[in-house]
Number of protein chains: 2
Amino acid sequence: MEKDASSGLIDSSEANNLSGQLRSTVGRLYRRFRSERAEGTLGDTALEVLTFLHKNGPHTLTELSDVGQVAPASMSQSVNRLTAAGYAIRTPDPNDRRKVRFSTTPEGAELAIVTRNQRNAWLDTQLQRLSPEDRGIIARACRLFGDIVDSP
Amino acid sequence: MEKDASSGLIDSSEANNLSGQLRSTVGRLYRRFRSERAEGTLGDTALEVLTFLHKNGPHTLTELSDVGQVAPASMSQSVNRLTAAGYAIRTPDPNDRRKVRFSTTPEGAELAIVTRNQRNAWLDTQLQRLSPEDRGIIARACRLFGDIVDSP
DNA sequence: TATTGTTATACTCTATAACTATA
DNA sequence: TATAGTTATAGAGTATAACAATA
């Protein structure tokens, strides 16, 4: 397509722009997933943190911000919403009193399960329409994506 | 394995929860991509709209909100930021005066190119580390994702 | 000094509701 | 009436900066 001749910048030549394709696709998928949100009061990010805690057990704030790819201060506010709503609790670490471990309450665990199923319903339907082979492709891609996200 | 035939409800049974895996992975990827943002004043979504317009030519507001998976009112504000900053312009449709076509200005086109390259730099590096076969997997997955996003 | 977590502040993004203008 | 777009308002999410407490 077009490039700025003076800058000599890369053009992307459509055909081979896997990065752009992946970024664009991921962005659209993300917003599509988000639009399936439940009507509850908790937002998208808070629910993701809740389901993570439910699935993976208690974690510190720093761990959560690393996993969630956000700044610690951002995660602090997300978990604030969870604790304020009674879905998670803080537990000081007895060995290192700077640390706080966050975990789900029973109410939080129940909400995590309900929410997960609600939010997966649409996507499950779409995935079931695919062939087993295509689902395999997606599963393999997910593993590759996981490695990429954790790259420095 | 993953379904309850009687209720039709998905159960998830950990092991084979492809939906959950995909949602979680996409969320992390999205936030990781976003963290590579340029230092400019424009936010993530506005930049995505700008690069879309640069690549795909003028579009109406409704078209943009469909592509972006957001409400028209949300997209209206995103393009407002673009036009206010001088990176895009409105052009009334002469055939249907309800419609407005949005397109990039020369400044917007240049910013789109610079931004795209900045934002792809990190991802390009990661993708180049993969084998050609693995990149093929990702490319195939992207095509599958595209179909999924456009599903009702 | 370095790490962990928090609060203060400001911005982007998004949705819903109510509105105008055109078809 | 239906469609395209806008504005008003509110809330979630995020970042940076400044801070406190602990190591």
Side-chain angles (χ1 to χ4, degrees), chain A residues 27-28 30-50 52 58-85 87-102 115 119, chain B residues 27-28 30-50 52 58-85 87-103 115:
Chain A
R28 296 188 68 205
Y30 178 79
R31 287 187 289 268
R32 184 64 175 83
F33 292 168
R34 188 172 46 190
S35 74
E36 295 292 323
R37 76 197 308 171
E39 72 299 322
T41 57
L42 283 179
D44 184 78
T45 297
L47 282 173
E48 277 193 34
V49 173
L50 183 66
F52 176 85
H59 282 76
T60 66
L61 183 80
T62 300
E63 288 165 350
L64 291 176
S65 63
D66 285 345
V67 171
Q69 300 286 328
V70 296
S74 304
M75 184 55 69
S76 186
Q77 295 167 76
S78 294
V79 294
N80 259 350
R81 294 189 192 98
L82 288 177
T83 55
Y87 296 129
I89 53 171
R90 289 175 161 80
T91 306
D93 185 323
N95 301 325
D96 184 343
R97 280 152 59 207
R98 294 172 304 180
K99 295 186 180 176
V100 181
R101 283 156 60 85
F102 293 89
T115 298
R119 310 189 93 203
Chain B
R28 296 188 69 205
Y30 178 79
R31 287 186 289 268
R32 184 63 174 83
F33 292 169
R34 188 172 46 190
S35 74
E36 296 292 324
R37 76 196 309 170
E39 71 299 324
T41 57
L42 284 178
D44 184 78
T45 298
L47 283 175
E48 278 193 33
V49 173
L50 182 65
F52 176 85
H59 282 76
T60 65
L61 183 81
T62 300
E63 290 165 349
L64 291 175
S65 63
D66 285 346
V67 171
Q69 300 286 329
V70 296
S74 303
M75 184 54 69
S76 185
Q77 295 166 76
S78 294
V79 293
N80 259 351
R81 294 189 193 99
L82 287 178
T83 55
Y87 296 128
I89 54 170
R90 289 175 161 81
T91 305
D93 184 322
N95 299 327
D96 184 342
R97 280 152 60 206
R98 293 173 302 180
K99 295 185 180 177
V100 181
R101 283 156 61 85
F102 293 90
S103 50
T115 298

Sugar-phosphate, base or nothing in reach of B:Arg81, heavy atoms under 4.0 Å: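 B:Arg81: base contact, heavy atoms under 4.0 Å.
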
Pairing residues for A:Phe102 by the ring pair (Phe, Tyr, Trp, His ring centres under 6.0 Å) criterion, not counting sequence neighbours: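 Ring pair (Phe, Tyr, Trp, His ring centres under 6.0 Å) list for A:Phe102, sorted by chain: empty.
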
Residues A:Glu48 and B:Arg28 bridged, charged N to O under 4.0 Å: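 B:Arg28 and A:Glu48: not salt-bridged.
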
Name all residues meeting the side-chain hydrogen bond (donor to acceptor under 3.5 Å, both in side chains) criterion together with [X]; count only those two or more places apart in sequence or in a different chain, and write none if there are none.
{"X": "B:Gln77", "value": "none"}
{"X": "B:Ser103", "value": "none"}
{"X": "A:Thr62", "value": "none"}
{"X": "B:Asp66", "value": "none"}

Nucleic acid footprint by protein, nucleotides 18-23 of chain C - heavy-atom cut-off 4.0 Å, B for base, S for sugar-phosphate alone: ----BS

Output side-chain donor-acceptor pairs under 3.5 Å for residues 92-101 of chain A, partner residues at least two apart or in another chain, one line each.
from, atom 1, to, atom 2, distance (Å)
A:Asp93, OD1, A:Asn95, N, 2.7
A:Asp93, OD1, A:Asp96, N, 3.3
A:Asp96, OD1, A:Arg98, N, 3.1
A:Asp96, OD1, A:Arg98, NE, 3.1
A:Asp96, OD2, A:Arg98, NH2, 3.0

Whole angstrom is fine here: how far is it from [atom1] in [X] over to [atom2] in [N]?
{"X": "B:Tyr30", "N": "C:dC13", "atom1": "OH", "atom2": "P", "value": "8 Å"}
{"X": "A:Gln69", "N": "D:dA15", "atom1": "CD", "atom2": "C1'", "value": "15 Å"}
{"X": "A:Asp66", "N": "C:dG5", "atom1": "CG", "atom2": "C1'", "value": "13 Å"}
{"X": "B:Glu63", "N": "D:dG5", "atom1": "CD", "atom2": "C1'", "value": "13 Å"}
{"X": "A:Arg32", "N": "C:dT14", "atom1": "CZ", "atom2": "C1'", "value": "16 Å"}
{"X": "A:His59", "N": "C:dG5", "atom1": "NE2", "atom2": "P", "value": "12 Å"}
{"X": "B:Leu42", "N": "C:dT12", "atom1": "CG", "atom2": "C1'", "value": "11 Å"}
{"X": "A:Arg31", "N": "C:dC13", "atom1": "CZ", "atom2": "C1'", "value": "10 Å"}

With A:Arg81 via salt bridge (charged side-chain N to carboxylate O under 4.0 Å, His left out) - residues at least two apart: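 Not a single residue meets the salt bridge (charged side-chain N to carboxylate O under 4.0 Å, His left out) criterion with A:Arg81.
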
Upstream residue (5' side of DNA chain D) when A:Val70 and B:Thr60 are each assigned their closest nucleotide: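 The 5'-side residue here is B:Thr60.
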
Any A:Arg34 side-chain N or O less than 4.0 Å from OP1/OP2 of D:dG13: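 Negative; the distance criterion is not met.
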
N/O (side chain, B:Thr62) to phosphate O (OP1/OP2, D:dT3) under 4.0 Å: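 Answer no for this pair, as no side-chain N or O of B:Thr62 is under 4.0 Å from OP1 or OP2.
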
Straight-line distance of A:Met75 CE to A:His59 NE2, nearest 0.5 Å: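 Output value for this atom pair is 11.0 Å.
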
Polar-atom pairs under 3.5 Å, protein N or O versus N or O of nucleotides 6-8 of chain D: list them with distances, or write none.
from, atom 1, to, atom 2, distance (Å)
D:dT6, OP1, B:Arg90, NE, 2.8
D:dT6, OP1, B:Arg90, NH2, 2.9
D:dT6, OP2, B:Ser76, OG, 3.1
D:dT7, OP2, B:Asn80, ND2, 3.4

